[in-house]
4 protein chains.
Amino acid sequence: MATKSKGRTTDRRNREPEILAAAIEVFHRKGYAAASLQDVADIVGVLKGSLYHYISSKEELLARICVESHKQSSVIMQESLDAASNPLDQLRAFLHATAVWYLTNIERVSIYFNEGKWLTGDNIDRVRAQGREFHAFIRSLIDKARTEEQVRAEVDPRVAAQLIIGALNSIPTWYRPDGLYPPEEVAGIYTDMTLASLCNPAPPAKTD
Amino acid sequence: MATKSKGRTTDRRNREPEILAAAIEVFHRKGYAAASLQDVADIVGVLKGSLYHYISSKEELLARICVESHKQSSVIMQESLDAASNPLDQLRAFLHATAVWYLTNIERVSIYFNEGKWLTGDNIDRVRAQGREFHAFIRSLIDKARTEEQVRAEVDPRVAAQLIIGALNSIPTWYRPDGLYPPEEVAGIYTDMTLASLCNPAPPAKTD
Amino acid sequence: MATKSKGRTTDRRNREPEILAAAIEVFHRKGYAAASLQDVADIVGVLKGSLYHYISSKEELLARICVESHKQSSVIMQESLDAASNPLDQLRAFLHATAVWYLTNIERVSIYFNEGKWLTGDNIDRVRAQGREFHAFIRSLIDKARTEEQVRAEVDPRVAAQLIIGALNSIPTWYRPDGLYPPEEVAGIYTDMTLASLCNPAPPAKTD
Amino acid sequence: MATKSKGRTTDRRNREPEILAAAIEVFHRKGYAAASLQDVADIVGVLKGSLYHYISSKEELLARICVESHKQSSVIMQESLDAASNPLDQLRAFLHATAVWYLTNIERVSIYFNEGKWLTGDNIDRVRAQGREFHAFIRSLIDKARTEEQVRAEVDPRVAAQLIIGALNSIPTWYRPDGLYPPEEVAGIYTDMTLASLCNPAPPAKTD
DNA sequence: AATGAATGAGTATTCATTCAT
DNA sequence: GATGAATGAATACTCATTCAT
């Protein structure tokens with residue numbers, strides 16, 4: 001009653017963020033291919049067709065999520081370079097910051113890394129370019145650190161970078177934000193293990 | 001005439017393996033959700049409806065792929081235990097063998113690790129149990145190795161196991177079997193980096 | 001500030017003619033059924049919903065175009081009767097004037113003749129009545145001319161009228177206003193051919 | 001009863017011709033753009049989606065209708081050339097045969113001439129090429145007849161051909177196959193008027 | 001075993017129209 | 001007058017699954 005007399009609270013809010021949030025949730029839970037705009041619309045509380053006031057296609061929705069994530073990723077790259085004066089510590093800063101970002105934005109970042117491949121046309125080109133940029137950034141830091149003998153000469157920067165990214169990308173498949181492992185702690189473990197793997201040799205096999 | 005009276009050799013073969021192979025290819029290329037049984041049928045050279053002589057549903061097809069992979073995985077676990085007498089070398093053997101297996105069977109193993117989550121009901125329970133078994137195996141070896149002081153005490157076996165598996169699972173997203181990096185070499189890099197990360201501390205940050 | 005106090009000239013124009021012109025362009029280019037009001041609104045530079053201040057429905061828009069065209073058509077009929085004192089020359093005048101009008105207003109006239117059939121209810125009745133009027137006008141002139149032996153007795157006025165209108169209506173499907181054939185010339189060709197077909201017998205077949 | 005015991009008459013017929021026939025009816029009645037596959041499916045007595053066993057898209061359905069019609073049209077061209085030894089009589093034969101064909105297959109031929117423009121890609125190229133072929137055929141006969149002085153020198157073959165085709169195409173908009181005007185008669189009127197228009201001058205205006 | 005036709009529920013997308021602001 | 005958001009019904013098309021033959 002009161003609500004009505006007041007004069008229609010009819011949700012004058014802009015629905016765009018709501019839609020993006022709903023899409024992130026759905027794409028993450030069901031995967032982009034299996035997710036339906038109906039699911040998104042249901043969450044927002046709007047008819048399926050009404051979504052098209054805010055988006056031009058399902059793919060554009062995915063593209064938008066990816067682009068946003070990439071922006072954040074770029075910021076982290078820059079900040080990491082500023083945070084230290086030697087490549088190994090820059091890498092340390094980058095891995096840690098990225099892991100924390102990942103752990104605190106699991107859904108959207110996971111979509112960026114795992115569902116971006118479903119994009120097509122220009123979108124997929126852009127996402128692939130971003131992926132290469134991400135990979136190249138890590139590889140180049142490893143390379144520089146190796147030149148400065150902070151990283152072992154035997155390390156293959158290309159493969160190492162892939163494995164490091166792989167471990168990072170696995171986070172959304174197993175991490176549960178239930179408080180047992182706070183993001184900072186997991187990020188620390190990840191960063192330490194990664195640096196240890198780059199700077200030390202594997203122990204020899206026991207032959208007793 | 002002659003051909004017909006002879007009792008046509010035409011496809012007297014059992015189509016089941018063909019169908020599984022086709023499904024593996026399609027599920028890997030397009031992802032389970034986006035893959036269609038039509039694609040599978042086209043590859044096998046059979047009508048869509050005919051697939052149902054061999055499978056009971058699309059999901060069962062996925063389940064079968066996962067089960068097969070898990071069998072192989074179990075064999076590797078057992079062999080690794082037999083291959084060495086101390087936990088760290090058992091882990092080394094396991095990671096190397098698993099990586100080689102992965103690298104030489106990218107499609108099916110990738111489905112096992114990445115598409116299995118789309119299963120439902122009993123199937124998903126089974127696949128999750130297998131995943132836990134896989135994880136528990138690695139974690140327990142780390143644990144034992146830590147008890148024997150082969151692995152640093154600071155290592156968190158649970159998180160470490162997840163990251164180790166994550167790096168492994170990333171392989172199909174970037175590995176190209178084009179000869180530049182033979183499986184043995186990549187598996188070696190992976191194993192060495194992983195062991196190094198478990199047995200050594202990260203270098204301290206430079207403070208100059 | 002100043003601009004606002006002044007009482008902005010912004011679009012103080014009446015948008016109705018603009019909307020009609022836009023609709024004519026769109027209906028002609030895409031066909032009534034395939035045309036969308038969004039297209040019309042885009043051209044006018046207004047939101048789709050705003051069109052409803054000027055029209056009550058998409059169909060009404062079409063109806064208005066047809067009515068306007070018919071008015072012009074009525075004028076031409078009257079003028080043709082005044083332009084000559086015998087039916088054949090009245091017909092000549094009518095065909096020529098109609099063709100010129102058609103050739104210089106291809107879009108709107110083409111809609112009148114080719115898209116009017118999609119109207120419903122009262123609208124379709126009106127358009128059909130106009131079509132019958134148009135047809136009856138031509139037929140009656142042919143009839144009179146035949147009575148006066150200006151047109152051959154063998155001519156069937158009903159079918160002849162239909163074919164004459166048909167040739168006329170085809171113009172928008174092939175005429176390009178690029179200057180190669182000026183409207184006057186095409187109208188002349190059309191008129192001459194039509195009159196020749198009414199007043200002369202077909203040549204006999206050669207039997208050599 | 002008998003029918004049932006016999007063992008399911010379940011329409012073992014091939015539905016393709018039925019679907020084509022239904023599509024012809026619907027496309028003609030509502031126009032291609034406004035026609036829906038639901039309409040077609042309803043007529044055939046099948047679910048909408050089931051149509052896709054026979055067609056690959058709505059457009060392909062239209063394309064098929066057009067291609068079929070064009071084949072018939074080609075046959076008529078060839079037969080007309082064989083039917084007479086001079087261009088005017090060849091034209092006469094062609095116009096008559098085409099008109100009869102049109103009058104006895106109004107729906108499909110009308111779609112060919114009037115809805116083909118909605119095709120896209122290769123289809124529209126093909127249909128346009130066919131249209132040019134049709135036009136070129138008529139124009140070339142007029143040209144030859146003019147060279148042989150069977151047709152007046154003043155006639156513009158290009159524009160004349162367009163008007164002749166235009167009159168033909170108008171047939172489905174007004175012809176009713178109710179027996180009042182048998183196809184042969186209408187075709188005769190059309191052919192005679194057309195030839196008369198090509199071979200004779202228009203009468204001069206009266207100046208009294 | 002295999003076919004081929006059919007189902008039915010689903011998908012993304014479009015669009016004329018309405019209406020509170 | 002104009003906006004922008006929303007509706008609701010429709011559209012072409014897809015696909016796992018079924019089943020008589």
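A, B, ... follow the sequence lines: proteins, then strands. Residue 1 opens every chain.
- Taking 4.0 angstrom as the limit, D/Tyr54 places a side-chain polar atom (N or O) nearer than this to OP1 or OP2 of E/dA6.
- Counting any heavy atom pair closer than 4.0 Å across all strands shown, D/Ala41 reaches no nucleic acid atom.
- Among the protein residues, D/Ala35 comes within range of the sugar-phosphate backbone only, with heavy atoms under 4.0 Å from sugar or phosphate atoms but none that close to a base.
- Under the rule for a side-chain hydrogen bond (donor to acceptor under 3.5 Å, both in side chains), the partners of B/Lys30 that lie at least two apart in sequence or sit in another chain are B/Asp39.
- Listed by chain and number, the residues in a side-chain hydrogen bond (donor to acceptor under 3.5 Å, both in side chains) with A/Asn114 are A/Ser110 (sequence neighbours excluded).
- Relative to the side chain of B/Val46, the nucleotides E/dT17, E/dA5, E/dT3 differ in distance, and E/dT3 lies closest.
- Atom NZ in C/Lys48 sits roughly 7 Å away from atom C1' in E/dA16 (whole-Å rounding).
- Taking 4.0 Å as the cut-off between side-chain N and carboxylate O, B/Glu60 and B/Arg64 count as a salt-bridged pair.
- Residues satisfying the side-chain hydrogen bond (donor to acceptor under 3.5 Å, both in side chains) test with D/Glu25, not counting sequence neighbours, are D/Arg29.
- In terms of the side-chain hydrogen bond (donor to acceptor under 3.5 Å, both in side chains) criterion, residue partners of C/Asp42 (sequence neighbours excluded) are, by chain and number, C/Gln38.
- A/Ala33 comes within 4.0 angstrom of nothing in the nucleic acid, heavy atoms only.
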Determine whether D/Phe27 and D/Leu62 satisfy the following criterion, side-chain contact (heavy atoms from CB on, under 4.5 Å), listing intermediate values before the conclusion.
CA-CA 8 Å; D/Phe27 288 177; D/Leu62 176 57; 4.1 Å; yes

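- Looking at heavy-atom distances under 4.0 Å, D/Ser50 makes contact with a base.
- The stretch residues 55-68 of chain B comes close to DNA chain F through B/Ser57, B/Lys58, each having a heavy atom under 4.0 Å from the strand.
- Look at A/Glu68 and A/Lys71 and you find no salt bridge, because none of the NZ, NE, NH1 or NH2 atoms lies under 4.0 Å from a carboxylate O.
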With both pairing distances under 3.5 angstrom for Watson-Crick or G-U wobble, and | for a partner in another strand, the correct string for DNA chain E is .||||||||||||||||||||

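- Here C/Leu37 lies in heavy-atom contact (under 4.0 Å) with sugar-phosphate atoms only.
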